[in-house]
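Along the sequence shown, residues carry numbers from 1. What you see below is based on every heavy atom in this structure, not just the backbone, and it leaves out hydrogens, waters and symmetry mates.
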Amino acid sequence: MTDSPIRIAVIGAGPAGFYTAGHLLKDEAGGHGADGHSINFEVDMLERLPTPWGLVRSGVAPDHPKIKSVTRIYEKTAAHPRFRFFGNVVFGEHVSREELLEHYHAIVYATGTPVDRPLGIPGEELPGSHAATEFVGFYNGHPDHTDLEVDLRSTERAVVIGNGNVAIDVARMLVLAPAELAPTDTADHALEVLGESRVSEVVIVGRRGPAQAAFTNPELLELGELSDADVIVDATELDRALAVHDAGAEENITSRRNVEILRSYAERTPAGRAKRIVLRFLLSPTALLPGDDGHLAAVELAHNELIADGEGQLRAQASGEHETIPAGLVFRAIGYRGIPLPGVPFDGRRGVIPNDGGRVLDGPGDDEPSEIGQRRGEYAVGWIKRGPSGVIGTNKKDAQETVDAIFADASAGGNDLNVPDSPDGAAIELLLRERQPELVTYSGWEAIDRHERALGEPSGRPRVKLTRIEEMLRVAADG
Ligand code: NAP
């Protein structure tokens with residue numbers, strides 16, 4: 001049997017893409033198929049930005065540098081002789097799915113879920129109302145969000161909608177002391193805006209109760225340890241929100257611990273710090289209200305009760321009461337969504353690529369659906385496969401499932417992988433360079449990385465991020 005390598009294109013250089021590449025290039029992966037022929041993978045990673053690491057670079061909060069150190073594992077994968085990085089290449093723009101299938105046995109979509117889920121309420125588009133995704137990108141120096149206009153000078157109160165870790169990250173970033181921000185890799189433009197902030201109160205609003213919150217324990221605990229902000233929980237509201245018994249939450253260790261932490265916050269006497277984070281529950285925003293100047297001025301919220309839905313879940317249902325919280329800023333942190341990729345099936349309801357354990361399934365619009373309902377040689381991994389849940393490490397296991405599927409399909413004699421006309425590494429590189437003369441290779445990224453670290457060194461910061469594509473390309477070319 002042939003020993004020629006199986007060529008895989010991974011689209012997206014975030015954690016899911018890198019874990020996929022890592023698993024494919026592990027020695028054990030390059031083993032033998034069921035029929036005894038040896039399997040060797042070659043991985044090319046295509047990424048729309050000149051920089052790798054996805055949400056590790058542009059999502060993880062800047063004051064969490066330890067989480068970012070996971071890139072050392074990805075760097076080892078990138079150093080593998082059968083790995084190549086093609087940055088600044090947009091799937092569907094510089095190269096199509098069909099063209100990639102001429103050159104690769106399989107494509108793995110690892111494009112994540114880059115946009116926010118909308119609330120679907122009046123006033124959502126008012127100035128002062130922001131998607132958390134944009135603000136997170138802004139403070140992390142994502143080039144798409146460098147020019148975001150976020151006015152932290154005209155209001156003292158911000159409301160963050162959602163009870164997940166993104167809501168916590170946003171709230172924390174809004175109240176961190178300058179001394180806490182100074183040693184981080186927060187983008188310079190964001191340091192300037194945050195440095196001039198007049199926001200002194202951040203209200204985090206959950207539509208259900210504390211026992212149903214999606215926070216993880218360390219993140220919730222961190223709110224109680226901030227040098228410039230008190231954390232405020234109203235004991236009466238907490239009791240009301242906990243009055244409905246939730247058997248699921250009782251069994252869930254994270255949820256039980258969250259409730260303990262919140263009770264301890266409710267018992268605290270505020271230390272009189274300059275800023276406050278207030279955690280509120282059982283409230284759903286119903287409208288964002290403008291002031292006379294047309295800018296966001298207040299959030300109208302409906303009070304909720306928890307109602308069992310008969311499927312073991314507690315749902316929020318409006319009780320008929322309302323309240324209005326004056327606020328000049330709202331950050332909507334109610335989850336992310338995937339966006340469709342040209343030529344790739346998409347489940348618009350869930351915002352993911354339909355798949356079975358990573359194998360992409362035919363879409364309703366497919367002209368010639370396959371007999372097995374599966375797109376031959378196409379796979380998904382990470383958030384675009386399963387939706388935006390879990391921490392970075394969750395993607396390692398998720399990637400293993402997708403790689404197992406690829407390996408199984410390859411082992412069956414290659415029958416279920418795509419059969420490319422031109423499985424030739426040089427040919428695809430030539431095509432990509434033709435289409436995108438400013439393609440950034442891994443050594444180009446290494447030049448950007450060195451440059452950013454050198455900029456950070458004098459002030460003891462891990463790096464000063466380049467936030468414009470043109471700057472990145474210049475540095476990549478010079479390096
Ligand atoms: P998430 O954990 O899914 O939380 C989304 C929150 O939005 C939930 O509280 C949800 O409430 C609420 N929500 C949804 N629709 C809503 C609506 N229409 N109105 C009001 N509230 C609504 O999502 P995330 O915060 O975006 O985080 C995504 C993933 O990244 C999570 O797995 C998270 O743990 C992870 N992450 C981890 C870290 C870290 O480890 N430090 C940092 C950031 C993110 P319901 O429960 O009622 O639906």
Nearest non-hydrogen partners of His130 and Leu148, listed with the distance: ND1-CD1, 4.1 Å
Between Tyr74 and Phe85, does the ring centre distance come in under 6.0 Å? no
Cationic N near anionic O, under 4.0 Å, Arg57 to Glu452: yes
Side chains of Glu305 and Ser319, donor plus acceptor under 3.5 Å: no
Any Lys/Arg nitrogen of Asp188 or Arg461 sitting under 4.0 Å from an Asp/Glu carboxylate oxygen of the other? yes
Shortest non-hydrogen contact between Ala229 and Arg276, atoms and distance: CB-N, 4.3 Å
Check Arg256 with Asp246, please: is the shortest side-chain N to carboxylate O separation under 4.0 Å? no
What is the distance from atom CZ of Arg257 to atom CG of Asn252, rounded to the nearest 0.5 Å? 13.5 Å
Between Trp383 and Tyr336, is the ring centroid distance below 6.0 Å? yes
Let me have the donor-acceptor pairs involving side chains of residues 116-123, under 3.5 Å, with sequence neighbours excluded, atom names and distances please.
{"residue": "Asp116", "atom": "OD2", "partner": "Arg332", "partner atom": "NH2", "Å": "3.4"}
{"residue": "Arg117", "atom": "NH1", "partner": "Ile334", "partner atom": "O", "Å": "3.1"}

Give the C-alpha distance, both sets of side-chain angles, the deciding distance and a yes or no for salt bridge (Lys or Arg N to Asp or Glu O under 4.0 Å) between Glu323 and Arg280. CA-CA 12 Å; Glu323 75 174 83; Arg280 300 285 313 273; 2.9 Å; yes
Give the minimum heavy-atom separation between Trp445 and Val440, together with the two atoms involved. N-CG1, 3.7 Å
Where is the tightest heavy-atom contact between Asn395 and Gly382, given as atom of each residue plus distance? OD1-CA, 3.5 Å
Shortest non-hydrogen separation from Leu296 to Ser129 and the atoms involved: CD2-N, 4.4 Å
Which atom names give the shortest non-hydrogen contact between Phe215 and Leu220, and what distance separates them? CD1-CD1, 3.9 Å
Can you find a pair of side-chain heavy atoms, one from Tyr19 and one from Val403, that are under 4.5 Å apart? no
Parallel, tilted or perpendicular: which one describes the rings of Tyr139 and Phe135, with boundaries at 30° and 60°? perpendicular
Check: His23 side chain, Lys396 main-chain N or O, donor-acceptor pair, under 3.5 Å: yes
Can you list everything that forms a side chain to side chain contact (heavy atoms under 4.5 Å, CB included) with His94? Sequence neighbours excluded, please. Val89, Val90, Arg435, Gln436
Taking 4.0 angstrom as the limit, do Arg453 and Asp185 come out as a salt bridge? no
Pair Glu222-His64, side-chain donor/acceptor within less than 3.5 Å: yes
Begin from the C-alpha positions of His145 and Glu134 and carry the test side chain to side chain donor-acceptor pair (under 3.5 Å) through to its verdict. CA-CA 6 Å; His145 303 294; Glu134 295 166 356; 5.7 Å; no
